[in-house]
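The structure under discussion appears below in the form of structure tokens.
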Amino acid sequence: MTAPRFLRLADVDVHGKRVFIRSDLNVPQDDDGRITDDTRIRASLPAIKDSLARGGAVMVTSHLGRPTEGTLTDADSLAPIAARLGELMGREVRLIRDWVDGGPWHSTLMAGDLVMLENCRVNAGEKKDSIELAQKMALLFDVYCNDAFGTAHRPEATTHALARYAKIACAGPLLAAELDALGRALGEPRRPLVAIVGGAKVSTKLTILRALAEKVDTLIVGGGIANTFLLAAGGRIGKSLAEPDLVGEARAILDAFPGKVPIPTDVVCAKRFAADATPTIKPATDVADDDLILDIGPQSIAALQRTIATAGTIVWNGPVGVFEFDAFSAGTRALATAIADSSAFSIAGGGDTIAAITQFGVIDRISYISTGGGAFLEFLEGKTLPAVAALCERFTEPPRSLRTN
Ligand code: 3PG
Ligand code: MG
């Protein structure tokens with residue numbers, strides 16, 4: 001895998017320039033709009049701080065959720081995000097509505113100023129990657145900086161078309177760091193390369209399972225995905241979450257890569273999907289018709305620990321059990337701890353995975369935490385991320401005058 005070549009923010013002279021930063025500030029919120037995890041906001045600070053420190057005027061935008069274009073509802077507003085960014089920056093961050101055509105906020109913007117531009121996915125044409133919208137937005141600034149790794153798999157106006165129409169288009173430090181770390185893990189990985197793909201559905205991750213099975217030495221499956229593989233291997237799963245339609249696909253992977261995809265040999269079952277359901281450990285062969293598999297058992301955990309302990313590189317997306325329920329969290333906890341203890345270069349990504357890592361207190365012992373969910377998976381799959389492709393297409397050696405060193 002050759003490293004993508006694009007202009008980086010650090011190589012752009014932003015002094016006295018207006019810098020438009022497209023971040024991914026699409027953070028989880030509770031029903032009252034309170035931010036439940038601000039990792040993406042914190043990860044987006046370096047681009048903003050660097051631009052301000054070097055004398056730029058910064059406008060930062062992001063999408064939040066999947067709003068209807070043309071109407072900004074309260075629930076879609078970046079107001080809580082602007083407030084949190086303000087707290088983290090120690091200054092007020094003004095939030096600008098209806099910003100595409102500029103206005104007084106724009107004409108008065110000065111070096112050192114920082115404003116947030118409302119949910120860019122509300123703008124008509126954003127999702128369709130509209131050239132007209134991009135051309136309009138490009139008039140607002142001198143430098144376009146895409147720092148939104150989590151949205152790099154979406155060809156939208158602020159992530160894709162803008163890279164073509166901006167005078168200067170560069171990648172921010174978060175986007176660049178993600179690509180560096182993921183490229184390092186998958187480009188020339190230290191072997192054995194172990195991937196763990198858990199989560200509910202095979203259907204959303206089938207192509208990645210295939211692509212990973214080609215690349216890795218061991219592919220550990222977990223959650224509903226493992227159940228589908230258990231079925232494919234001729235096992236019983238009771239009324240556990242699985243996708244019987246995809247058993248054929250799972251079997252094809254098992255047949256094509258013999259020995260690479262270990263199947264759990266024991267499991268933790270319950271009769272109900274509830275935090276207070278009674279957990280029962282049993283061999284995978286003894287699962288009853290009314291059982292729900294909610295975690296992997298101790299024997300499977302021990303096997304997984306042995307695999308992780310000798311790995312050179314580990315890539316992790318998705319839990320192996322219902323870790324939100326204490327009684328069914330042992331598998332995911334053991335996995336998180338084994339990855340933290342291992343000397344392998346480890347990368348983890350995806351909302352549930354980060355939540356598990358945080359819950360088990362190992363966040364500082366994972367080599368790299370990706371802010372991407374879908375983008376992380378598409379990268380692992382070997383797909384070209386449209387936002388990155390657009391930056392690469394724009395890439396020319398930066399003229400001397402633009403270099404800072
Ligand atoms: C994410 O949370 O996965 C990214 O911010 C992309 O959001 P989307 O799936 O709504 O495009
Ligand atoms: Mg998503």
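- Between the side chain of Asp147 and the backbone N or O of Ser23 there is no donor-acceptor pair closer than 3.5 Å.
- No more than 12 heavy atoms of other residues, nucleotides or ligands lie within 6.0 Å of CZ in Arg184, so this atom counts as exposed by the packing criterion.
- In terms of modelled atom types and a separation under 3.5 Å, the side chain of Asp13 and the main chain of His15 share a donor-acceptor contact.
- Side chains of Phe379 and Glu381 form no contact here, defined as non-hydrogen atoms less than 4.5 Å apart.
- Nearest heavy-atom pair across Leu292 and Arg272 is CD1-C, 3.5 Å.
- Residues Tyr165 and Tyr144 place their aromatic rings such that the two centres sit no closer than 6.0 Å.
- Between Phe20 and Trp99, the two ring planes are tilted [angle within 30° to 60°].
- Note that CD1 of Ile339 and CD1 of Ile308 are 4.5 Å apart. Values are rounded to the nearest 0.5 Å.
- The main-chain N or O of Pro67 is never found under 3.5 Å from a side-chain atom of Asp76 such that the two would form a donor-acceptor pair.
- Within 6.0 Å of CD in Glu92 there are 12 or fewer heavy atoms belonging to other residues, nucleotides or ligands.
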Please test Ile293 against Leu241 for side chain to side chain contact (heavy atoms under 4.5 Å, CB included), starting from the C-alpha separation and ending with a verdict. CA-CA 8 Å; Ile293 301 173; Leu241 178 71; over 6 Å; no
Show the numbers, then the answer: is there a side-chain hydrogen bond (donor to acceptor under 3.5 Å, both in side chains) between Thr228 and Glu243? CA-CA 6 Å; Thr228 305; Glu243 288 167 291; 4.7 Å; no
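- Although no hydrogens or angles enter the test, the distance criterion places a donor-acceptor pair under 3.5 Å between the side chain of Asp217 and the main chain of Leu193.
- When every heavy atom of Met137 is checked against every heavy atom of Ala157, the shortest pair comes out as CE-CB, 3.8 Å.
- Looking only at side-chain heavy atoms (C-beta outward), Asp24 and His63 come within less than 4.5 Å of each other.
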Kindly indicate, with the supporting measurements, whether the criterion side chain to side chain contact (heavy atoms under 4.5 Å, CB included) is fulfilled by Phe229 and Val261. CA-CA 9 Å; Phe229 276 83; Val261 188; 4.2 Å; yes
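- Annotation: side chain of Cys269 is in contact with side chain of Val287 (closest heavy-atom distance under 4.5 Å).
- Interatomic distance, CD1 of Ile48 versus CE of Met89, reported as 6.0 Å (0.5 Å rounding).
- Nearest heavy-atom pair, Met110 versus Ala57, reported as atom, atom and distance to 0.1 Å: O-CB, 3.2 Å.
- Within a 6.0 Å sphere centred on CG of Asp74, heavy atoms belonging to other residues, nucleotides or ligands number 12 at most.
- Between the side chain of Arg121 and the main chain of Arg66, no donor-acceptor pair closer than 3.5 Å is present.
- Between the side chain of Arg394 and the main chain of Lys167, a donor-acceptor pair closer than 3.5 Å is present.
- For the atom pair CZ of Arg18 and CG of Asp142, the computed distance is 5.0 Å after rounding to the nearest 0.5 Å.
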Give the C-alpha distance, both sets of side-chain angles, the deciding distance and a yes or no for side chain to side chain contact (heavy atoms under 4.5 Å, CB included) between Phe257 and Leu212. CA-CA 11 Å; Phe257 306 98; Leu212 278 177; over 6 Å; no
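- When the side-chain hydrogen bond (donor to acceptor under 3.5 Å, both in side chains) test is applied to Asp38, the partners found at least two apart in sequence or on another chain are Arg42, Arg84.
- More than 12 non-hydrogen atoms from other residues, nucleotides or ligands lie less than 6.0 angstrom from NZ of Lys239.
- Results of the side-chain contact (heavy atoms from CB on, under 4.5 Å) test with Leu114 over Val19, Ile21, Val60, Leu109 single out Val60 as the only residue that passes.
- Summarising the geometry, atom CG belonging to Leu64 is positioned 5.0 Å from atom CD1 belonging to Ile81; distances are rounded to the nearest 0.5 Å.
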Thr384 vs Val388, side chain to side chain contact (heavy atoms under 4.5 Å, CB included): CA-CA, chis, key distance, verdict: CA-CA 7 Å; Thr384 305; Val388 178; 5.9 Å; no
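- With rounding to the nearest 0.5 angstrom, the OG1 atom of Thr278 is 10.0 Å from the NZ atom of Lys271.
- Remark: Asn123 CG to Asp98 CG distance equals 8.5 Å, nearest 0.5 Å.
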Between Asp50 and Arg8, is the salt bridge (charged side-chain N to carboxylate O under 4.0 Å, His left out) condition met? List the steps. CA-CA 12 Å; Asp50 176 43; Arg8 293 175 185 234; over 6 Å; no
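- The closest side-chain heavy-atom distance from Phe395 to Pro4 is not below 4.5 Å.
- Although no hydrogens or angles enter the test, the distance criterion places a donor-acceptor pair under 3.5 Å between the side chain of Ser300 and the main chain of Asp266.
- Counted within 6.0 Å of NZ on Lys127, heavy atoms from surrounding residues, nucleotides or ligands total more than 12; the atom is thus considered enclosed.
- Side chain of Ser130 to backbone of Glu132: a donor-acceptor contact under 3.5 angstrom is found.
- With Lys205 contributing its side chain and Gly198 its backbone, the two residues share a donor-acceptor pair below 3.5 Å.
- The side-chain contact (heavy atoms from CB on, under 4.5 Å) search around Ala43 returns Leu174, Thr371, not counting sequence neighbours.
- Sequence neighbours left out, the pairs with a member in residues 335-356 that pass side-chain hydrogen bond (donor to acceptor under 3.5 Å, both in side chains) are Asp341-Arg365, Ser346-Ser367.
- By the 4.5 Å heavy-atom criterion applied to side chains, Ser62 and Arg22 are counted as neighbours.
- A 6.0 Å sphere centred on CG of Asp286 holds more than 12 heavy atoms belonging to other residues, nucleotides or ligands.
- Between Leu9 and Pro173, the shortest heavy-atom distance links the atoms CD2-CD, 4.0 Å.
- Between Ala161 and Ala134, the shortest heavy-atom distance links the atoms CB-CB, 3.5 Å.
- Applying side-chain contact (heavy atoms from CB on, under 4.5 Å) to Leu230 and the options Ile225, Ile263, Thr285 leaves one that passes, Ile263.
- For the pair Ser77/Leu95, a side-chain contact is recorded, criterion being any heavy-atom separation below 4.5 Å from C-beta on.
- Contact check for Ile296 versus Leu335: no side-chain heavy atoms found under the 4.5 Å cut-off.
- Taking the side chain as every heavy atom from C-beta outward, Asp295 and Phe325 never approach each other to under 4.5 Å.
- Between Ile301 and Ala334, the shortest heavy-atom contact is CG2-CB, 3.5 Å.
- The backbone N or O of Asp113 lies less than 3.5 Å from no partner atom in the side chain of Arg94, so there is not a single donor-acceptor pair.
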